[in-house]
There are 2 protein chains.
Amino acid sequence: MLVRNAADASSRHHSLRELGLNTSSNPIISLNEFTYKKGIEIYGEKEPAEYVYQVKSGAVRSYKLLSDGRRQIGAFHLVGDIFGLENGSEHRFTTEAIVDTTVRLVKRQSLELVAEGDAMVARNLLSMTANNLQHAEDHMLLLGRKTSLERVAAFLLEMDTRLTAAGILALPMSRRDIADYLGLTLETVSRALSRLQDLGILGFIGNTQRQIMLLDRHQLAALDDLQN
Amino acid sequence: MLVRNAADASSRHHSLRELGLNTSSNPIISLNEFTYKKGIEIYGEKEPAEYVYQVKSGAVRSYKLLSDGRRQIGAFHLVGDIFGLENGSEHRFTTEAIVDTTVRLVKRQSLELVAEGDAMVARNLLSMTANNLQHAEDHMLLLGRKTSLERVAAFLLEMDTRLTAAGILALPMSRRDIADYLGLTLETVSRALSRLQDLGILGFIGNTQRQIMLLDRHQLAALDDLQN
DNA sequence: CGAGCGCTTGATTTATATCAATGCCAGTGG
DNA sequence: CCACTGGCATTGATATAAATCAAGCGCTCG
């Protein structure tokens, strides 16, 4: 069964306005913008969480590292997504711009101040955290129990609901990023994509596989079967 | 470096009182108790989330299933732990008693009602959800990138901080449960435990390996090295 | 226009899963 | 109270999915 309704897709796409913030009515909140070049770190794990961010354009990865360099990407943040929202005082991931990226940022402290007095903002804070939790819970199932093909299929479906413009998927992240998100190696991801292509579940634009793929209704349904 | 301070350990052990609830001052809140026999389901995935639970005695597993029966346990709930708290209206895991278990339960609705008026309760709700999120984030790293030995070492350390009484670990869950929590098979878990025993990092009580193990200061430090 | 990076594809290795046998303890019923 | 049974755990042998090692291709960009 293919689940792809608008409510599902939008539930993770809060805007700062959805958070209950509004520049004009809340003069405390300063909405600054900043641009990061491709590959540049936005903040590091364990740094004090001074700001909350919203992707205005571009894409961001957040990840944890083990001492020997093994990397686990916990989430990709696409246009409209809010990230860097922590309950504690420290960031729990490192984040980097995947491509040139512009973010809006809000001082964490001023956000907390507003939440203190405004129950709606407080509720939206909780709802955002709960959405992040749900994503992490689903991802645990993927990482713990799914095969490589199922993981890649699930990834494509997730990206499709989050950044598709009319059946065309233009992925901003590299094979290595995808692999580190799915708990695989880049070779395994590449092989899985080739296999999906052979199966006719996926089509690439241009004469080489570079980032852009097509997904029609039937292919999406086939992916949905595969991802379990 | 061995991190094992009281703050860390207690941060995930909220009591309902910590949530800001108090039977005497909040007559709305009804604190009922219920006992489940070993292996019995408490609630199922996608069931309406009517209650929030706290483990009074025993232990609980929450898990998701794939269509073919593969299981991923997302968390174990031990004495004092609160579980079943959802932001949406449905449960996202199935939960079962691992051993005979008594829980206290609170109607979700009454909890929300209280949170509406009491900022402290609302803040604690957010803080609990954020703690669950942090646990899930750490677990994604484990599931995506750690070796079997690292996973088992991390598991033992987690359980040690959560249910140790003076260096003695009495695990309520089976090898299969541990495996499904760590994204491994039960044989691999068993082999990892045997290996740790051979390495002198772990000692079992009794003449057979059954549930109870000893962990002294040095062994904990060795585990901490291993888990990465 | 050349260099290098990212990607694909092939060959081989390896960690973990799977299959299989056996042992041990706990609970049950005779 | 003891013998039986079944579940859980360990351990060994083998299979396999994915990782690793390796080569080559084609964009992209400097």
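So you know, we letter chains A, B, ... as the sequences are listed, proteins then strands, and number each from 1.
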Quiz prompt | Value in whole Å for how far the P atom of C/dC5 lies from CG of A/Leu186 | solution = 15 Å
Quiz item: Looking at residues at least two apart in the chain, or sitting in another chain, which of them share a salt bridge (Lys or Arg N to Asp or Glu O under 4.0 Å) with A/Asp198?
Solution: none
Practice problem: Would you kindly say whether B/Thr102 and B/Thr35 are connected by a side-chain donor-acceptor distance under 3.5 Å? | Solution: yes
Exercise. Identify, with sequence neighbours excluded, every residue that meets side-chain contact (heavy atoms from CB on, under 4.5 Å) alongside A/Glu96.
Key: A/Glu41, A/Arg61, A/Tyr63
Exercise. Take atom CG of A/Leu171 and atom P of C/dG6, then tell me their distance rounded to the nearest Å.
Key: 16 Å
Quiz item: Which letter, B, S or -, goes with each nucleotide of nucleotides 14-20 of chain D from 5' to 3', with contact meaning a protein heavy atom under 4.0 Å?
Solution: ----SSB
Self-check item: B/Gln219: partners by side-chain contact (heavy atoms from CB on, under 4.5 Å), with sequence neighbours left out
Solution: B/Leu215, B/Asp216
Exercise. Quickly work out the A/Arg175 CZ to C/dC7 C1' distance and round it to whole Å.
Key: 7 Å
Quiz prompt | Nearest-angstrom distance from the residue atom NZ of B/Lys38 to C1' of D/dG6 | solution = 12 Å
Quiz item: Atom CG of B/Leu193 to atom P of D/dC8: distance rounded to whole Å?
Solution: 17 Å
Quiz item: What is the distance, rounded to the nearest whole Å, between atom CD1 of B/Ile205 and atom P of C/dC25?
Solution: 15 Å
Quiz item: Tell me: CZ of B/Arg195 to C1' of C/dA15, nearest whole Å?
Solution: 11 Å
Practice problem: Taking ring-ring contact (aromatic ring centres under 6.0 Å, His included) as the test, write out the residues that go with B/Phe83, two or more places apart. | Solution: B/Tyr53, B/His77
Quiz item: Taking only residues two or more places apart in sequence or in another chain, which ones pass side-chain hydrogen bond (donor to acceptor under 3.5 Å, both in side chains) with A/Lys64?
Solution: B/Asp138
Quiz item: B/Gln197 has an atom CD; how far is it from atom P of D/dA9, in whole Å?
Solution: 14 Å
Quiz prompt | Under-4.0 Å side-chain N/O to phosphate OP1/OP2 contact, A/Ser194 with C/dT9 | solution = yes
